[in-house]
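Report on the structure given below.
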Protein chains: 2
Amino acid sequence: MARAGLTAERITRAAADLADEVGFDNVTVSALARHFGVKDASLYSHVKNLRDLRTRVAVLAAGEMVDLIAAAVAGRSGKDALAAFAGAYRSYALRHPGRYAATQSKVDLAQVADLAPFLRTGELTYGMLRAYDLAEPDLTDAVRLLRSTFHGYTSLEAAGGFQHSRDVDASWDQAIEALHVLLTHWPRASKEER
Amino acid sequence: MARAGLTAERITRAAADLADEVGFDNVTVSALARHFGVKDASLYSHVKNLRDLRTRVAVLAAGEMVDLIAAAVAGRSGKDALAAFAGAYRSYALRHPGRYAATQSKVDLAQVADLAPFLRTGELTYGMLRAYDLAEPDLTDAVRLLRSTFHGYTSLEAAGGFQHSRDVDASWDQAIEALHVLLTHWPRASKEER
DNA sequence: TCTGCTAACCTAGTCATCCTAGGAAGGAAG
DNA sequence: CTTCCTTCCTAGGATGACTAGGTTAGCAGA
């Protein structure tokens, strides 16, 4: 019998593709085994268990996503960078819903070998805000607000949470515009706040 | 043998409690049956299937949540109303993570008998923005941005997505403050936008 | 009190999935 | 050609969703 040529990487990639098709939660070891024309048990030589597989998909997706965002932001600053970051973020989340869901799943970071993809996203975000001249703790607050908005908007949109009365792309552009205005008029923490 | 006194409502409530304990995705018919000291099959006389059960939990949670928000917002307007809305929203999401996850799960609204809880949230949000004097389409855009931020922040916080370097409550207060500023300086859509 | 009916609940079974233990075969290194 | 590791297998246990069809509790009416 011919070997299927299984690898942790190939399995992870197939799992990510499957997640984009049927949803991250519906990725099953059995379905992957069928995809490779192989028995379920065979996958366990390459992947510890389902949680391990999910973690691998999360790392893969986080890496892909941060690469795309980095490429989009490169050479831009201020409002341009903000729009590029947001556009790349939303584009990835909508194009790869399963992969994106993976990045948002509770991953035990202690289990992750390569933390770089997760850390780079933070660095990119902080870098993007450099143009707005914020100091801590405003900087962290602004980062959190941006992340929340990006994640919230895309996940609500992907879940069909918005009615169709108003174009979703236009709303998004407007949201970016609004966030830019917000960052330029950021209400700085007064001294009595810590 | 004594009857357990099962009801769709009792099952739904138990499922919601279980969801808050172990997570919405980990709610299982078997576990609920065990909780009632009953066989799995018995639940299917009251609830069609797992999806039906999840939908019921979602409706229950949405109703509870909108009631709390409505109570918090009542009699307030402007920034006060915004802070009250946001506080009630976040408080519910953090106190009842399983229930909150249920409200965010993709619910086939065609299956839901009572749509009122879902519609009331929208009404409350639009009402809250009345003080900021926005016209369409800015109004819808602002609503979407607020919902995105609230949902994004609470779900990132619940998932442990924020580092511990900066107090999460303080960041939240600052975010509300920032959103208030944003709403008062909202960049209105110019005429060439539709 | 007895009869009947309608649920509520059960037994028994199917199917899908995750996962483990241990065996056989491909194929590269010696 | 032999050795040995890895890949993939068979076999099987456990849990969970769900169905078909039977039994019984407990109430309504005679």
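Residue numbers start from 1 in every chain, and the chains themselves are labelled A, B, ... in the order their sequence lines are given, proteins ahead of strands.
Counting heavy atoms from C-beta on, the side chains of A:Leu146 and A:Leu82 come closer than 4.5 Å. Contact annotation: the side chain of B:Arg120 never approaches that of B:Pro117 to less than 4.5 Å [non-hydrogen atoms, C-beta and beyond]. When side chains are defined from C-beta on, B:Leu145 does not count as touching A:Tyr153, because their heavy atoms never get closer than 4.5 Å.
B:Glu9 places no side-chain N or O within donor-acceptor distance of the main-chain N or O of B:Arg13, the cut-off being under 3.5 Å. A donor-acceptor contact shorter than 3.5 Å is absent between the side chain of A:Glu157 and the backbone of A:Gly161. A donor-acceptor pair is defined here as one N or O able to donate and one able to accept, closer than 3.5 Å; no such pair exists between the side chain of A:Asp80 and the backbone of A:Arg76.
For residues 57-97 of chain B, the ring pair (Phe, Tyr, Trp, His ring centres under 6.0 Å) pairs, not counting sequence neighbours, are B:Phe85-B:Phe150, B:Tyr89-B:Tyr100, B:Tyr89-B:Phe150, B:Tyr92-B:His96. Residue pairs meeting the ring pair (Phe, Tyr, Trp, His ring centres under 6.0 Å) criterion with at least one partner in residues 104-148 of chain A, sequence neighbours excluded, are A:Tyr132-A:His180.
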Protein-nucleotides 13-15 of chain D N/O pairs closer than 3.5 Å?
none

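DNA chain D lies under 4.0 Å from at least one heavy atom of each of the following residues of residues 37-48 of chain B: B:Ala41, B:Tyr44. DNA chain D lies under 4.0 Å from at least one heavy atom of each of the following residues of residues 5-27 of chain A: A:Gly5, A:Leu6.
With rounding to whole Å, B:Phe36 atom CZ is found 13 Å from C:dC10 atom P. Atom CZ of A:Arg51 is separated from atom C1' of C:dC18 by 14 Å (rounded to the nearest Å).
When hydrophobic clusters are built by joining Ile, Leu, Val, Met, Phe, Trp and Tyr residues whose side-chain heavy atoms come closer than 4.5 Å, directly or via intermediates, B:Val73 is grouped together with B:Leu139.
By the side chain to side chain donor-acceptor pair (under 3.5 Å) test, B:Ser171 pairs with A:Asp141, A:Arg144, sequence neighbours left out.
Within the structure, every side-chain polar atom (N or O) of A:Thr28 is placed at least 4.0 Å from both OP1 and OP2 of C:dA16.
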